Chemist: 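Pasting a structure here, questions to come.
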Amino acid sequence: MRVLISGTGRGGTNLLTELSRKITTISFTNEVEDRNLFLHANLPADYGTKLTMDHPTFTLEAAAAYLEKYEDLYILFAVRHPIDNCLSKILRGRPASQGGDKVTENISADATLPASIQAIRDLYEYIEALQTEYPQRVCVVRMEDIIQETQKIVDELGEFLNIEPLPFEGFQSTNRNQYQKSRYGDALAPQTSLYKDLKNNFGGFYHDVPHVVPILESELVEEIKVYYGN
């Protein structure tokens, strides 16, 4: 069996990757992401990795071609509430001097309001297209459910992958993302509905610009409905 964890940056892909590593016997890559994933001539039979859609090699055509080529390949997409996802992208894609994660002073390409919105739209477009074509091999997991209903997600992943899940306790402690590790340590941080309290969340970064939330609500109204209902 082969497993690919994907989604857009700041959307829960690291949590989903560590949970998947914990409950399966799949040989995940040593590096968190295999950035050469779509450049391999052949993937090992027992293989797992993460590659977010932010990477330039991740295209809808490439993902579909791999699902066609490898009949035992499963793609697990992590999603996060679109507003929280965008706000986190904008903040964390900025240099540390501005409260972000970057050691350089440049701003990431997706750390702007328009780019973060487009990233969410692209994610949902990819999911819809791939689930339509390969409904039995493309699964969507909400980051909030990983945090709040871990056992339920483990059971669902076991059924989806047709495996008996191994114990999941402590999966968050193996997080290999250095920035998240430095912020949260071994804790399973309650990163849910942060946009509802900008004064106390995101380090207060958005405290003086609360209008950003209504903008995101209006721009992503359809995407929010898909997995978050309103």
Side-chain angles (χ1 to χ4, degrees), residues 5-16 50-64 75-96 98-102 105-133 138-148 177 179-180 183 189-230:
I5 313 293
S6 193
T8 189
R10 313 298 175 183
T13 54
N14 285 304
L15 276 182
L16 182 54
K50 181 190 94 165
L51 185 66
T52 65
M53 286 178 48
D54 306 318
H55 196 270
T57 62
F58 199 120
T59 65
L60 180 57
E61 293 74 18
I75 301 182
L76 310 180
F77 281 104
V79 298
R80 181 182 186 181
H81 193 289
I83 297 178
D84 274 354
N85 204 159
C86 286
L87 294 177
S88 186
K89 271 183 171 293
I90 293 169
L91 173 58
R92 302 302 175 189
R94 292 169 183 267
Q98 297 180 24
D101 285 340
K102 305 198 71 174
E105 287 300 309
N106 65 306
I107 297 175
S108 297
D110 62 350
T112 66
L113 192 60
S116 66
I117 291 170
Q118 189 59 52
I120 300 299
R121 289 174 174 164
D122 289 345
L123 170 62
Y124 280 52
E125 177 188 345
Y126 280 33
I127 290 174
E128 182 179 11
L130 294 174
Q131 276 196 321
T132 299
E133 191 69 22
V138 178
C139 179
V140 178
V141 180
R142 300 197 324 172
M143 188 190 87
E144 293 84 356
D145 292 338
I146 297 175
I147 294 171
Q148 298 174 324
N177 182 293
Y179 303 114
Q180 290 182 357
R183 283 198 300 273
Q191 300 289 289
T192 61
S193 299
L194 300 184
Y195 70 95
K196 294 181 179 180
D197 183 7
L198 295 184
K199 179 179 179 180
N200 294 303
N201 294 323
F202 298 108
F205 187 82
Y206 296 100
H207 185 218
D208 296 328
V209 286
H211 61 276
V212 70
V213 170
I215 293 173
L216 290 169
E217 287 177 329
S218 63
E219 289 288 336
L220 294 169
V221 61
E222 294 302 320
E223 287 76 12
I224 292 170
K225 286 179 182 177
V226 177
Y227 298 112
Y228 293 87
N230 52 52

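If you're wondering where the values come from, they're calculated on a predicted model, not measured in any experiment.
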Chemist: Crowded around Glu217 CD? As in, over 12 foreign heavy atoms under 6.0 Å?
Modeler: yes

Chemist: Nearest 0.5 Å, what's the CD1-CD1 distance between Ile83 and Ile215?
Modeler: 11.0 Å

Chemist: Mind checking the CG-CG spacing from Leu198 to Asp208? Nearest 0.5 Å is all I need.
Modeler: 10.5 Å

Chemist: Please round to the nearest 0.5 Å and tell me the distance separating atom NZ of Lys196 and atom NE2 of His81.
Modeler: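 So the NZ of Lys196 and the NE2 of His81 are separated by 7.0 Å.
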
Chemist: Quick one: does Met143's side chain get under 4.5 Å of Val79's, heavy atoms only?
Modeler: no

Chemist: Could you tell me whether Arg121 and Glu219 have a side-chain N and a carboxylate O separated by less than 4.0 Å?
Modeler: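 So Arg121 pairs with Glu219 through a salt bridge.
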
Chemist: Below 4.0 angstrom, N of the basic side chain to O of the carboxylate: do Asp54 and Arg10 qualify?
Modeler: no

Chemist: Look up atom CG in Leu15 and atom CG in Asp145, then write down how far apart they are to the nearest 0.5 Å.
Modeler: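 Nearest 0.5 Å value for the CG-CG distance: 12.0 Å.
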
Chemist: Within the side chain of Asn85, is there an N or O that forms a donor-acceptor pair under 3.5 Å with the backbone of Gly9?
Modeler: yes

Chemist: Look only at the side chain of Ser88 and the backbone of Asp84, and say whether a donor-acceptor pair between them is shorter than 3.5 Å.
Modeler: no

Chemist: Just verifying a value: how many Å separate Ile224 CD1 and Leu216 CG, rounded to the nearest 0.5 Å?
Modeler: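 So the CD1 of Ile224 and the CG of Leu216 are separated by 7.5 Å.
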
Chemist: Please give me the minimum heavy-atom distance between Lys50 and Thr52, naming the atom from each residue.
Modeler: CE-CG2, 4.0 Å

Chemist: Determine whether Phe77 and Met53 satisfy the following criterion, side chain to side chain contact (heavy atoms under 4.5 Å, CB included), listing intermediate values before the conclusion.
Modeler: CA-CA 10 Å; Phe77 281 104; Met53 286 178 48; 4.2 Å; yes

Chemist: Under 3.5 Å, is there a donor-acceptor pair between the Tyr228 and Glu144 side chains?
Modeler: yes

Chemist: Can you name the closest pair of heavy atoms from Ala115 and Ala109 and give their distance?
Modeler: CB-O, 3.2 Å

Chemist: Side-chain contact test, heavy atoms from C-beta onward, threshold under 4.5 Å: evaluate it for Leu91 versus Tyr206 and give yes or no.
Modeler: yes

Chemist: Take Val140 and Arg142 through the test side chain to side chain contact (heavy atoms under 4.5 Å, CB included) and record every step on the way to the result.
Modeler: CA-CA 7 Å; Val140 178; Arg142 300 197 324 172; 5.6 Å; no

Chemist: Pick out which of Leu51, Ile75, Asn14, Leu16 makes a side-chain contact (heavy atoms from CB on, under 4.5 Å) with Ile5.
Modeler: Leu16

Chemist: Checking Ile90 against Thr112 for the side chain to side chain contact (heavy atoms under 4.5 Å, CB included) test, could you report, in this order, the C-alpha distance in whole Å, the side-chain angles of both residues, the deciding distance, and whether it holds?
Modeler: CA-CA 5 Å; Ile90 293 169; Thr112 66; 5.9 Å; no

Chemist: Is the side chain of Thr13 donor-acceptor paired with the backbone N or O of Ser6 at a distance under 3.5 Å, no angle test?
Modeler: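 No.
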
Chemist: Does some side-chain heavy atom of Arg80 sit less than 4.5 Å from a side-chain heavy atom of Leu194?
Modeler: yes

Chemist: For Lys89 and Thr8, does a side-chain donor sit closer than 3.5 Å to a side-chain acceptor?
Modeler: yes

Chemist: Which distance, rounded to the nearest 0.5 Å, do you find between the CG of Leu220 and the OH of Tyr124?
Modeler: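 Taking CG in Leu220 and OH in Tyr124, the distance rounds to 8.5 Å.
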
Chemist: Using modelled atom types only, decide if a donor and an acceptor are shared between the side chain of Arg94 and the backbone of Ala111 within a distance under 3.5 Å.
Modeler: yes

Chemist: Would Ser116 and Leu87 count as a side chain to side chain contact (heavy atoms under 4.5 Å, CB included) here? Give the steps.
Modeler: CA-CA 8 Å; Ser116 66; Leu87 294 177; over 6 Å; no

Chemist: State yes or no: are the ring centers of Phe202 and Tyr195 separated by less than 6.0 Å?
Modeler: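 Distance test on ring centres: not under 6.0 Å, no.
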
